[in-house]
Amino acid sequence: MVGDELRQEPHDEPFDEGSGSETWQRLSAYAYLSAPERLEYVAVMRVFCGTLLADLAVPDVQSKLAQAGHPAAALGAETLTARLEQLARWGNLLRSTHTVTATSIAEYQRSRSRYQLSKLGERVQRDADEVLAGADAAREVSSELLTLVDRGLKEIAALAAAPGGTDPQQALEKISTLFAQFGEFAESVRDFYAYLGQVLARYDLDGAEYQGFKELLLDYVEAITEDVSFRAPRIAAHLRAIWPHLPALLSRIDAHASGLGALFDVLPETRVQRSRGRELADWEGLRVWFADSDGHGSQVDQLRDATLRALQSLLANAKRMLRSASGEMSRRKDLLRLAAWFDAAEPEEAHDIAVAAFGLYGARHLGVAPDPDRSVPAYVSWWTGPVVDVPVALRERGSRAPRGRAAAVEDHGEQKRRLMEQAREQAAAREAAAAELRSASGRFDQVRLGSAAMRLLLELLTTALGNAQLHKGAGDFQLGSAQAGDVDLGIRLTAWRTPGRHTLLRSVDGDLTADDLTLAVESASESAPAPAAEEASA
């Protein structure tokens, strides 16, 4: 069983026979929460916690589990008996001394073992239910109780300093109320700051989550800190006024209502846990919370430090998101997915994944790109291989991010001016080429075109032929709608098919002959020429 194994484990640190064994027994009461059958154990313990001073047998536990609709109700009597016996060995249950009344041997065998809840078992299960119910929830800080603590201490200080002493019953009521309020406030503060630390420890907050936590938590934390900072000096002053009268006040209360404290006088071996506020140590804890009495700082100081750390964590998240916006994104989710692949892969597959993910083909790779002009085989050792120069920033700070002021934005004004001048020159050259074509139209065989004019003519001719439509007629093909133009240059070229014609185009780069084709170039504003218009010389 798990409990037996827990008891037999060796200890690394020695402890004395008395307190050490008692501590080990108390810790054993938590064993059922980590046992493989933990859900069944928790269901059984909830059955016992739902009763007061009741001893239950196996049939009773089975009946209550069935009423609750828990799957553990399906356990057999022998299995459930083993669970109860194990809980008794751990110290969560006690065997009852209840007298069994049975009408048959079978009923006696089922009912002879009865169990009841131990104090330690009830405390452990209560804490476990509280953790299961809302361990991750954000708990509000009961800051209104701090005002009641301030008011209660002021009233107790007035009663303690009253002539003739105070009424012990009235003082007991106020002290019990005061410590109940303070305990609830201190517990809510611890829970809230534990939740705050859990949230701020995350490094995967996106923009919306960060904005929500920033507006909610910072405003809430600021309100708490301001309230505590305002009330702490007043509470410390009330405690200083009460402190000289405190021993006498506690003695009068003990004489008036000793409670279970009298049990210690009768049975010295019995330990009594008294109500909070009845011992001087409780008042010491209250004073340490609000004032620095031992040189180690008060809880109020720790609260301020925790608030400062919360601000620093929020700033760290803000910097991370700024780096993400600039391209330096967090790879946390990708690395978690990669780790899952490694966990599920076989050894050979893991090597392939590592090579594909990190490019670690050889042990020589350090994350710094080597000289691309020097090819080093994978079998070359570190000792004989070439040295890779590591940047100073990466070697000293472990980061490639530059420091200092950002460099000034480069001025591209001169480049823009050159490009605009080049564009103007090209536009002027095309306009001159268009004018040259218009002047040479109809006598292409008599003039020699420049390079720019010839390129423009061929450009327009290619476009015109691409726009042309072929018509079949009289055993031959006719060319129709062969036009192309440039609105910006104000020029248009028209081409039509003329069988037997050979149009010669001459330029400084060479001559071109277009068979069975007639060309005409005119301004774009003029009407398209008819086939009988002036033609190029054959």
S451 OG to L456 CG distance, which is reported to the nearest 0.5 Å: 12.5 Å
Atom of W90, atom of A35 and distance for their closest heavy-atom approach: CH2-CB, 4.3 Å
Basic-acidic side-chain contact under 4.0 Å: R337, D334: yes
A484 versus A464, closest heavy-atom pair with distance: CB-N, 3.5 Å
Beyond-backbone contact of T503 with T513, side-chain heavy atoms, under 4.5 angstrom: no
Under-4.0 Å salt bridge between K154 and D150: no
Value rounded to 0.5 Å, distance of CZ in R123 from CZ in R26: 10.5 Å
T463 side chain vs E459 backbone, donor-acceptor pair below 3.5 Å: yes
L148 side chain near L178 side chain, heavy-atom distance below 4.5 Å: no
F182 side chain near L145 side chain, heavy-atom distance below 4.5 Å: no
Distance-minimising heavy-atom pair for A72 and A43: CB-CB, 4.3 Å
For A29 against V124, the heavy-atom pair lying closest together: O-CG1, 3.8 Å
Residue pair Q483, L493: steps toward the side chain to side chain contact (heavy atoms under 4.5 Å, CB included) verdict: CA-CA 6 Å; Q483 289 187 354; L493 179 140; over 6 Å; no
Sub-4.5 Å side-chain heavy-atom contact between M454 and L449: yes
Shortest non-hydrogen contact between I491 and A434, atoms and distance: CD1-O, 3.7 Å
Check ion pair E421-K416 (N to O, under 4.0 angstrom): no
Reported CD-to-CZ distance for the pair Q181 and R151, which is rounded to 0.5 angstrom: 9.0 Å
Side chain to side chain contact (heavy atoms under 4.5 Å, CB included) assessment of V149 paired with F185: CA-CA 9 Å; V149 171; F185 168 74; 5.6 Å; no
Side chain to side chain contact (heavy atoms under 4.5 Å, CB included) between L519 and L505, intermediate numbers included: CA-CA 10 Å; L519 306 179; L505 303 176; 4.0 Å; yes
CA sep, side-chain torsions, deciding dist, call: Y41, Q125, side-chain hydrogen bond (donor to acceptor under 3.5 Å, both in side chains): CA-CA 10 Å; Y41 283 123; Q125 182 59 36; over 6 Å; no
E436 side, atom CD; S441 side, atom OG - distance, nearest 0.5 Å: 12.5 Å
Lys/Arg N to Asp/Glu carboxylate O, D488 vs R430, below 4.0 Å: no
Closest non-hydrogen atom pair, W289 against A186: NE1-CB, 3.9 Å
Check: R492 and V521 side chains under 4.5 Å, non-hydrogen atoms: no
Lys/Arg-Asp/Glu bridge criterion (N-O < 4.0 Å) met for E522, R438: no
Min side-chain heavy-atom separation Y32-R38 under 4.5 Å: no
From CG (L286) to NE2 (H238), nearest 0.5 Å: 11.5 Å
Heavy-atom side-chain contact between L153 and F290 under 4.5 Å: no
Interatomic spacing from CG in L460 to CZ in R455 - rounded to 0.5 Å: 13.0 Å
Steps toward side chain to side chain contact (heavy atoms under 4.5 Å, CB included) verdict (L458, L512): CA-CA 10 Å; L458 294 178; L512 174 65; 3.5 Å; yes
Donor-acceptor contact present, side-chain R448 to main-chain F444, <3.5 Å: no
